[in-house]
Number of protein chains: 2
Amino acid sequence: MNQEPLQKPTASELEILRVLWARGPSTVREVYQELRERKSLGYTTVLKLLQIMTAKGSVRRNEEQRAHVYQACQPATETKRQLARDVLQRVFEGSASELMLHALEGRRTSQKELHELRRLLDEYEGRSR
Amino acid sequence: MNQEPLQKPTASELEILRVLWARGPSTVREVYQELRERKSLGYTTVLKLLQIMTAKGSVRRNEEQRAHVYQACQPATETKRQLARDVLQRVFEGSASELMLHALEGRRTSQKELHELRRLLDEYEGRSR
DNA sequence: TTGACAATACGAAAGTCTTCGTAATAGTCT
DNA sequence: AGACTATTACGAAGACTTTCGTATTGTCAA
């Protein structure tokens with residue numbers, strides 16, 4: 001089964017995807033060890049998750065080796081865009097400034113971050129002319 | 001039961017909260033009629049959801065009238081902040097510019113929106129000096 | 001008072017998510 | 001070959017979500 005408009009990953013699936021994005025193609029054990037540094041969970045839990053994700057089509061695996069090697073089907077950027085859009089629509093009715101407002105609210109934001117944000121806006125401003 | 005650090009609302013709960021924020025205190029029927037304009041669902045479904053939300057503490061109700069009147073416990077702004085932060089952390093590791101980048105990516109953004117975003121940044125820049 | 005109607009309460013089914021235990025399998029070493 | 005180990009496969013429990021049907025309760029009018 002291979003649907004194009006991939007459904008949004010669950011919380012656990014996202015954690016796994018993040019490991020795969022960071023490490024590139026990885027075995028279950030590699031993902032497991034990475035995740036275990038942050039939270040406690042069993043090896044077979046990770047395995048099962050990866051099997052489910054394979055079935056859903058969010059990852060694919062290479063079975064040439066004894067230990068299968070998994071990788072994300074979508075690049076990080078694509079999935080992140082999807083998740084950002086989802087929140088943008090579901091919570092903020094599409095208003096990017098509302099999203100930004102609430103994301104930044106009551107939070108120290110570094111000069112560096114603010115500069116980067118400004119740079120982004122410049123880029124968009126330029127493009128829309 | 002009344003926990004302070006309210007857990008994040010589910011998709012359905014958010015839809016109901018949005019109606020309550022927009023309308024102010026409302027009866028089940030009022031929420032039902034509002035929601036039904038966008039999606040098909042039964043009256044008792046909305047009722048049940050509101051009952052569950054009452055138990056969770058995300059809404060409270062006034063039972064003086066025959067038809068109970070529900071209202072959100074948290075103001076919209078608070079919950080929205082929570083959801084924005086959640087995505088910011090879970091998906092973008094806290095980087096606001098990453099969030100913004102993906103939210104805006106490949107999307108027409110009006111001049112008005114861009115101006116508003118810029119205004120927000122000015123405000124933050126001012127505050128952090 | 002009783003019938004009709006509107007509202008709430010309750011329970012349960014179906015689906016998804018997360019987690020793990022156990023079984024089966026495949027490779028390795030002696 | 002046989003024992004040991006690492007890996008995958010499978011199934012299932014428990015929690016949570018969403019949805020709705022049915023029962024109960026309250027209100028009003030005739």
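No hydrogens, no waters, no symmetry mates; every other heavy atom, side chains included, goes into these values. In what follows, chains are A, B, ... by sequence order, proteins preceding strands, each numbered from 1.
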Would you please confirm or rule out a distance under 4.0 Å between OP1 or OP2 of D/dT17 and any side-chain N or O of B/Lys8? no
Would you name the heavy atoms of A/Leu101 and B/Tyr124 that are closest together and state the gap between them? O-OH, 4.1 Å
B/Glu64 CD to C/dA7 C1', straight-line distance once rounded to whole Å: 17 Å
Taking CG from A/Leu35 and C1' from C/dC20, how many angstroms apart are they, rounded to a whole number? 16 Å
Taking only Lys NZ, Arg NE, NH1 and NH2, and the carboxylate oxygens of Asp or Glu, determine whether B/Arg85 and A/Glu105 approach each other closer than 4.0 Å. no
Quick check on C/dC17: is either OP1 or OP2 less than 4.0 Å from any side-chain nitrogen or oxygen of A/Lys56? yes
Side-chain N,O (A/Arg61) to OP1/OP2 (D/dA9) below 4.0 Å: yes
Set out, in order, the CA-CA distance, both residues' side-chain angles and the distance that settles side-chain contact (heavy atoms from CB on, under 4.5 Å) for B/Thr79 and B/Trp21, then state yes or no. CA-CA 11 Å; B/Thr79 303; B/Trp21 291 328; 3.6 Å; yes
For the side chain of B/Ala67, counting heavy atoms from C-beta on, which of C/dT8, D/dA9, D/dT18 is nearest? C/dT8
Between B/Glu15 (CD) and D/dT19 (P), how many Å, whole number? 8 Å
A/Ser97: which of B/Arg118, B/Glu113, B/Glu116 passes side chain to side chain donor-acceptor pair (under 3.5 Å): B/Glu113
Please check the phosphate of C/dT8 (OP1 and OP2 only) for any side-chain N or O of B/Arg66 closer than 4.0 Å. no
Under 4.0 angstrom, heavy atoms only, what part of the nucleic acid is B/Leu41 near: base, sugar-phosphate, or nothing? sugar-phosphate
Rounded interatomic separation in angstrom, taking CG from A/Leu50 and P from C/dT19: 13 Å
For atom CD of B/Gln65 and atom P of C/dT8, their distance in whole Å: 12 Å
Determine whether more than 12 heavy atoms belonging to other residues, nucleotides or ligands lie under 6.0 Å from atom CD of B/Glu63. yes
If you compare every side-chain N and O of A/Gln51 against the phosphate oxygens of D/dT8 (OP1, OP2), does one of them come in below 4.0 Å? no
Reckon B/Ser12 touches a base, only the sugar-phosphate, or nothing at all at heavy-atom distances under 4.0 Å? sugar-phosphate
In whole Å, I'd like the distance from the CG atom of B/Leu14 to the C1' atom of D/dT17. 15 Å
Looking at A/Tyr43, I'd like to know whether one of its side-chain N or O atoms comes within less than 4.0 Å of OP1 or OP2 on C/dG21. no
Nearest-neighbour nucleotide for the A/Thr45 side chain, C/dC17, D/dG21, C/dT19 considered: C/dT19
Select base, sugar-phosphate, or nothing to describe what B/Thr10 touches, counting heavy atoms under 4.0 Å on all strands. sugar-phosphate
In whole angstroms, the gap separating P of D/dT17 from CD of B/Gln7 amounts to 7 Å
Roughly how many Å is it from OH in B/Tyr32 to P in D/dT19, rounded to a whole number? 13 Å
Whichever of A/His68 and A/Lys48 has its nearest DNA chain D nucleotide further upstream toward 5': A/His68
Carboxylate-amine/guanidinium proximity below 4.0 Å for B/Arg18 and B/Glu15: no
First encountered from the 5' end of DNA chain C, between B/Val28 and A/Ser40: B/Val28
